[in-house]
There are 2 protein chains.
Amino acid sequence: MNIGEASDRAGLPAKTIRYYEDIGLITPARTDSGYRDFSDTDLHRLIFLGRARGLGFTIEECRALLQLYDDKSRASADVKRIAQQHLVQIGEKIAELEAMRATLSDLVDACHGDHRPDCPILTGLSRS
Amino acid sequence: MNIGEASDRAGLPAKTIRYYEDIGLITPARTDSGYRDFSDTDLHRLIFLGRARGLGFTIEECRALLQLYDDKSRASADVKRIAQQHLVQIGEKIAELEAMRATLSDLVDACHGDHRPDCPILTGLSRS
DNA sequence: GGTTGACGTTCCAGTCACTGGAACCCCTAT
DNA sequence: ATAGGGGTTCCAGTGACTGGAACGTCAACC
C-alpha cells in the first residue's frame, strides 16, 4: 500500500510517517517509480508507534520498544522496566501540573475579576 | 546590576534572560561597554516571567500578562480570564496524562515481567 | 493520446523555549 | 602584564513534528 492508505490505517499523518522513516524507525520498500510501498509489517510498526507515542513514550523509547518488539527472545521484564520508568515520569508530570493548578487556582480565587485595576494574580506573580 | 546578578536574583539562567530580551519581553539598559544593566523594574519583570513560566504559561501568554501588568488601567477581569483559560488547559493536560497512566498501568499489570519473551505490553501496543 | 487532479516525492524552513558552544571583549586583582 | 571570571554576539541543535515549494506519477475521463 502507498503512504496515503498507510496513513489512514495507522491514523498517522503522512508527514509523520516520512519523518519516522527519516529517523530510521521504519524502512518501507519502494516501487520502481519511487513511491513508498508499505507492507502489513510496516503498518503494524506504525500502529505500534502511534500507540506508544500516544502514551507519551519519547521517540527514543519507541525505538527501544520496537527493538524489543522485533527481538523474539526478549525478556518481558525488559519491556516492563521501560514501561514502569515511563509510568513514574507520567506520575511526576501529573504531580507537577497539579501543583501548578493549585497555585494558579489560589491566585484566581483571590482575584475579584471586575473592572478594577488591582489584581492579586499579577501581584502574586511578581512578588519576590 | 549586570546579567549574572540578575540571573541569580531572578533564578533564571543568563541564556534565558538574553533570549527574553531577544524576543522583546524585557529591554534592559546598556552600559557604555555594552554590558546589560538591569534595573529593579527589569528584575521584577524577570521574576514575574519566571513564575508565570513555572506555572506553565506560554511565552505569548506571558507577553500578554506583562502588558496587563504594565497597564495601570487594566481590569482585573482581563487577567482572570487568561488565568482561567490556562487553568482549563492544565486540567485537560492532567486528564490526558491520567488516561495515559491508566492504560499503561493496565498493560504493566498484565505483564508477568520475567525472562519469557511473551509480553502483554508489546502485544497491547501493536494490536489494531 | 492529452489533460486534469489527486496523490506521491524531496528538501528547506519554521515551530517552542530554550541550550550549548565558539570566538571574542571587558573588568578587576594580583 | 597577566590571569581569571565575567560579559558580548552569533550560529546551531534540541524533539517531534508541520508547512510549503517545486516537482514527479498515476488513474480516469474525453
Side-chain angles (χ1 to χ4, degrees), chain A residues 1-39 42-43 45-66 86 89-90 93 96-97 100, chain B residues 1-39 42-43 45-66 86 89-90 93 96-97 100:
Chain A
M1 80 197 74
N2 53 22
I3 202 165
E5 192 182 342
S7 166
D8 284 349
R9 292 174 62 181
L12 291 171
K15 275 267 179 193
T16 301
I17 295 176
R18 289 193 195 99
Y19 171 69
Y20 286 170
E21 181 181 6
D22 244 38
I23 61 173
L25 291 179
I26 44 161
T27 43
R30 296 288 180 134
T31 66
D32 288 349
S33 63
Y35 279 26
R36 286 172 186 81
D37 185 16
F38 295 83
S39 68
D42 292 325
L43 186 61
R45 290 174 77 88
L46 288 174
I47 291 166
F48 185 102
L49 284 166
R51 304 256 159 135
R53 291 287 302 123
L55 286 172
F57 286 96
T58 65
I59 289 286
E60 289 317 307
E61 283 168 336
C62 288
R63 197 189 297 278
L65 286 172
L66 274 178
H86 188 54
Q89 285 167 21
I90 292 175
K93 210 141 207 182
E96 201 182 329
L97 284 168
M100 278 183 202
Chain B
M1 82 196 73
N2 53 22
I3 203 167
E5 193 182 342
S7 167
D8 285 350
R9 290 173 62 181
L12 289 173
K15 276 265 178 192
T16 300
I17 296 175
R18 291 193 193 99
Y19 172 69
Y20 286 168
E21 181 181 6
D22 245 37
I23 61 174
L25 291 180
I26 43 161
T27 42
R30 296 287 181 137
T31 65
D32 288 349
S33 61
Y35 279 27
R36 287 172 185 80
D37 186 16
F38 295 83
S39 68
D42 292 326
L43 185 60
R45 291 175 76 87
L46 287 174
I47 291 166
F48 184 101
L49 284 166
R51 303 255 159 134
R53 292 285 304 124
L55 286 172
F57 286 96
T58 65
I59 288 287
E60 289 317 306
E61 283 168 337
C62 288
R63 198 187 298 277
L65 286 172
L66 274 177
H86 188 55
Q89 285 167 20
I90 293 175
K93 211 144 206 180
E96 199 181 331
L97 284 168
M100 278 184 203

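Each chain gets a letter, A, B and so on, in the order the sequences are listed, and its residues count up from 1. A quick note: this is a predicted structure, and the numbers were derived from the prediction, not measured. The figures that follow rest on heavy atoms only: side chains count, while hydrogens, waters and symmetry mates do not.
- If you take CG on Asp42(A) and CD1 on Ile47(A), they are separated by 11.0 Å, rounding to the nearest 0.5 Å.
- Rounding to the nearest 0.5 Å gives a distance of 11.5 Å between CD of Gln89(A) and CE of Met100(B).
- The distance from atom CD1 of Ile23(B) to atom C1' of dC18(C) is 9 Å, rounded to the nearest whole Å.
- For dG8(C), neither phosphate oxygen OP1 nor OP2 lies less than 4.0 angstrom from any side-chain nitrogen or oxygen of Arg36(A).
- Atoms NZ (Lys15(A)) and C1' (dA13(C)) sit 10 Å apart, rounded to a whole Å.
- Within the nucleic acid shown, Phe57(A) has no heavy atom closer than 4.0 Å to any nucleic acid atom.
- The residue among Asn2(A) and Thr31(B) whose nearest nucleotide of DNA chain C is located toward the 5' end is Asn2(A).
- Here the range on DNA chain D touched by chain A, meaning any atom under 4.0 Å from one of its heavy atoms, is dA16(D) to dC26(D).
- Put simply, Tyr19(B) has no side-chain N or O that comes within less than 4.0 Å of OP1 or OP2 on dC16(C).
- Distance check: Thr58(A) OG1 to His86(A) NE2 gives 8.0 Å after rounding to the nearest 0.5 Å.
- Rounded to an integer number of Å, the gap from CD of Glu21(A) to C1' of dT9(C) is 11 Å.
- Computed from coordinates, the Glu60(B) CD to dC18(C) P distance equals 12 Å when rounded to whole Å.
- The interatomic distance linking Asp22(B) (CG) with dA17(C) (P) rounds to 14 Å, in whole Å.
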For residues 17-27 of chain A, run the donor-acceptor check on the side chains, cut-off 3.5 Å, and write out each pair with its distance to 0.1 Å, sequence neighbours left out.
{"residue": "Glu21(A)", "atom": "OE1", "partner": "Arg30(A)", "partner atom": "NH2", "Å": "3.3"}
{"residue": "Glu21(A)", "atom": "OE1", "partner": "Arg36(A)", "partner atom": "NE", "Å": "2.4"}
{"residue": "Glu21(A)", "atom": "OE1", "partner": "Arg36(A)", "partner atom": "NH2", "Å": "3.3"}
{"residue": "Glu21(A)", "atom": "OE2", "partner": "Arg30(A)", "partner atom": "NH2", "Å": "3.3"}

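- Summarising the geometry, the separation between OH on Tyr35(A) and P on dA6(C) is reported as 14 Å, rounded to the nearest angstrom.
- To the nearest 0.5 angstrom, Leu65(B) atom CG is 14.0 Å from Arg51(B) atom CZ.
- Using a 4.0 Å heavy-atom criterion, one finds that Arg18(B) contacts the bases of the nucleic acid, with or without backbone contacts as well.
- Between Thr16(A) and Ala14(B), the one whose closest nucleotide on DNA chain D sits nearer the 5' end is Ala14(B).
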Please list every donor-acceptor pair under 3.5 Å in which a side-chain atom of residues 2-15 of chain B meets a protein atom from a residue at least two apart or in another chain.
{"residue": "Glu5(B)", "atom": "OE2", "partner": "Arg9(B)", "partner atom": "NH1", "Å": "3.0"}
{"residue": "Ser7(B)", "atom": "OG", "partner": "Leu12(B)", "partner atom": "O", "Å": "2.6"}

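- The heavy-atom pair separating Arg53(A) from Cys62(A) by the smallest distance is CD-SG, 3.8 Å.
- Protein atom OH of Tyr20(B) is 8 Å distant from nucleotide atom C1' of dC18(C), rounded to whole Å.
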